[in-house]
Amino acid sequence: MSSKATRDAINAAVVAAAAPWATFDLSDYESASDVMPLIDSQAVLIQYVIADETMMNIGGEGNQGWEETGSVTLHLLTPTGFDSAPLIDKSDEMRLALRGRRLGQVVIESVSPFVDFGAGSAGIDGAWKTYSSSLYYYSRDCG
């Protein structure tokens with residue numbers, strides 16, 4: 001699980017980039033279907049996928065610190081039957097707003113372009129179209 005400081009920083013950045021769309025951290029729900037009654041139009045779901053922490057020398061031998069790395073999947077949702085152009089525009093806007101950002105100790109290394117192939121990983125059933133992107137980050141604690 002990503003650390004609380006990392007999650008707080010990334011969630012805040014995603015909420016700002018997604019505005020005015022509603023944003024939900026899937027960690028707060030039993031499953032993605034639990035959040036669906038709260039969504040009435042477009043929304044962004046944040047799903048923390050993997051994280052790791054490694055001891056490393058920072059600034060020379062004897063200066064041990066820690067590096068946390070991980071990935072987050074962002075899901076953009078919209079009801080089916082609508083033109084995809086506004087979602088593609090929003091996804092590019094979000095990607096450009098997030099990639100390369102320094103959020104205190106957290107650095108967002110990259111945000112992949114959103115795709116709809118295999119986007120069912122959000123576990124959303126029903127008349128929803130989902131686009132997904134992978135966000136990769138690292139955070140260093142110099143100890």
Side-chain angles (χ1 to χ4, degrees), residues 1-80 82 84-126 128-143:
M1 177 180 291
S2 301
S3 67
K4 180 172 181 357
T6 295
R7 296 165 73 86
D8 290 347
I10 291 174
N11 282 355
V14 171
V15 166
W21 292 14
T23 305
F24 300 90
D25 179 348
L26 290 179
S27 302
D28 296 333
Y29 301 90
E30 187 69 29
S31 71
S33 60
D34 293 340
V35 76
M36 297 313 293
L38 305 174
I39 300 172
D40 59 1
S41 62
Q42 292 92 357
V44 176
L45 306 181
I46 304 169
Q47 186 174 34
Y48 288 86
V49 181
I50 192 166
D52 186 39
E53 186 173 67
T54 306
M55 183 185 286
M56 60 187 317
N57 288 328
I58 300 174
E61 188 174 339
N63 294 317
Q64 281 77 24
W66 297 91
E67 180 180 64
E68 176 185 341
T69 57
S71 69
V72 179
T73 300
L74 303 176
H75 304 281
L76 271 66
L77 278 71
T78 191
T80 58
F82 292 94
S84 65
L87 249 75
I88 293 169
D89 291 343
K90 184 63 173 179
S91 71
D92 280 345
E93 177 186 315
M94 286 182 59
R95 184 172 56 88
L96 295 173
L98 294 169
R99 69 179 184 192
R101 290 272 316 272
R102 180 175 293 278
L103 313 169
Q105 288 184 208
V106 179
V107 176
I108 298 176
E109 286 192 289
S110 66
V111 182
S112 66
F114 283 78
V115 298
D116 57 353
F117 177 78
S121 62
I124 306 299
D125 293 325
W128 292 91
K129 179 69 175 174
T130 308
Y131 295 79
S132 298
S133 170
S134 295
L135 178 153
Y136 298 96
Y137 73 87
Y138 71 86
S139 176
R140 292 190 178 130
D141 179 1
C142 295

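Just so it is clear, the model here is predicted, and its values are computed rather than measured. Below, all heavy atoms of this structure are taken into account, side chains as well, without hydrogens, waters or symmetry copies.
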TODO: Give, for atom CD of Q105 and atom OH of Y137, the distance between the pair rounded to the nearest 0.5 Å.
DONE: 12.5 Å
Open item on the list: Please give me the minimum heavy-atom distance between A43 and F24, naming the atom from each residue.
Closed with: CB-CE1, 4.3 Å
Open item on the list: Under the side-chain contact (heavy atoms from CB on, under 4.5 Å) test against Q42, which residue among T78, L77, L76 passes?
Closed with: T78
- [ ] Kindly indicate whether the side chain of L45, heavy atoms from C-beta on, has any atom under 4.5 Å from the side chain of I39.
- [x] yes
- [ ] Measure the shortest side-chain to side-chain distance between S110 and R99 over non-hydrogen atoms and say whether it is less than 4.5 angstrom.
- [x] no
Open item on the list: Counting C-beta onward and ignoring hydrogens, is there a side-chain heavy-atom pair between V14 and M94 closer than 4.5 Å?
Closed with: yes
- [ ] Could you pull out the closest heavy-atom pair between E68 and S2, with the gap in Å?
- [x] OE2-CA, 3.5 Å
Open item on the list: Would you say that S112 contacts S134 through its side chain, given a criterion of any heavy-atom pair below 4.5 Å between the two side chains?
Closed with: yes
Open item on the list: I need the Y136 OH to I50 CD1 distance, nearest 0.5 Å.
Closed with: 10.0 Å
Open item on the list: Testing L135, L26, N11 one by one against Y48 for a side-chain contact (heavy atoms from CB on, under 4.5 Å), which residue passes?
Closed with: N11
- [ ] Taking all heavy atoms of L38 and all of Y29, pick out the closest pair and write down the distance.
- [x] CD1-OH, 3.6 Å
Open item on the list: For a 4.5 angstrom cut-off between non-hydrogen side-chain atoms, does D116 reach L87?
Closed with: no
- [ ] Might you point out which heavy atoms bring A17 and K90 nearest each other, and give the distance in Å?
- [x] O-NZ, 3.4 Å
Task: L74 side, atom CG; F114 side, atom CZ - distance, nearest 0.5 Å - done: 5.0 Å
Task: Atom of V44, atom of A18 and distance for their closest heavy-atom approach - done: CG2-CB, 3.7 Å
Task: Approximate separation, where rounding is to 0.5 Å, of W66 CH2 and M55 CE - done: 3.5 Å
Open item on the list: Can you tell me how far apart OG1 (T69) and CD (E53) are? Round to the nearest 0.5 Å.
Closed with: 9.5 Å
Task: Shortest non-hydrogen contact from L103 toward A9 - done: CD1-O, 3.6 Å
Open item on the list: Run the salt bridge (Lys or Arg N to Asp or Glu O under 4.0 Å) test against R95 and tell me which residues pass, sequence neighbours left out.
Closed with: D92
Task: Note, V49 side chain near V72 side chain (heavy atom, < 4.5 Å) - done: no
- [ ] Kindly compute the distance separating OG (S91) from NE2 (H75), expressed to the nearest 0.5 Å.
- [x] 14.0 Å
Open item on the list: Can a donor-acceptor pair be found, under 3.5 Å and without considering hydrogens, that links the side chain of E67 to the backbone of R140?
Closed with: no
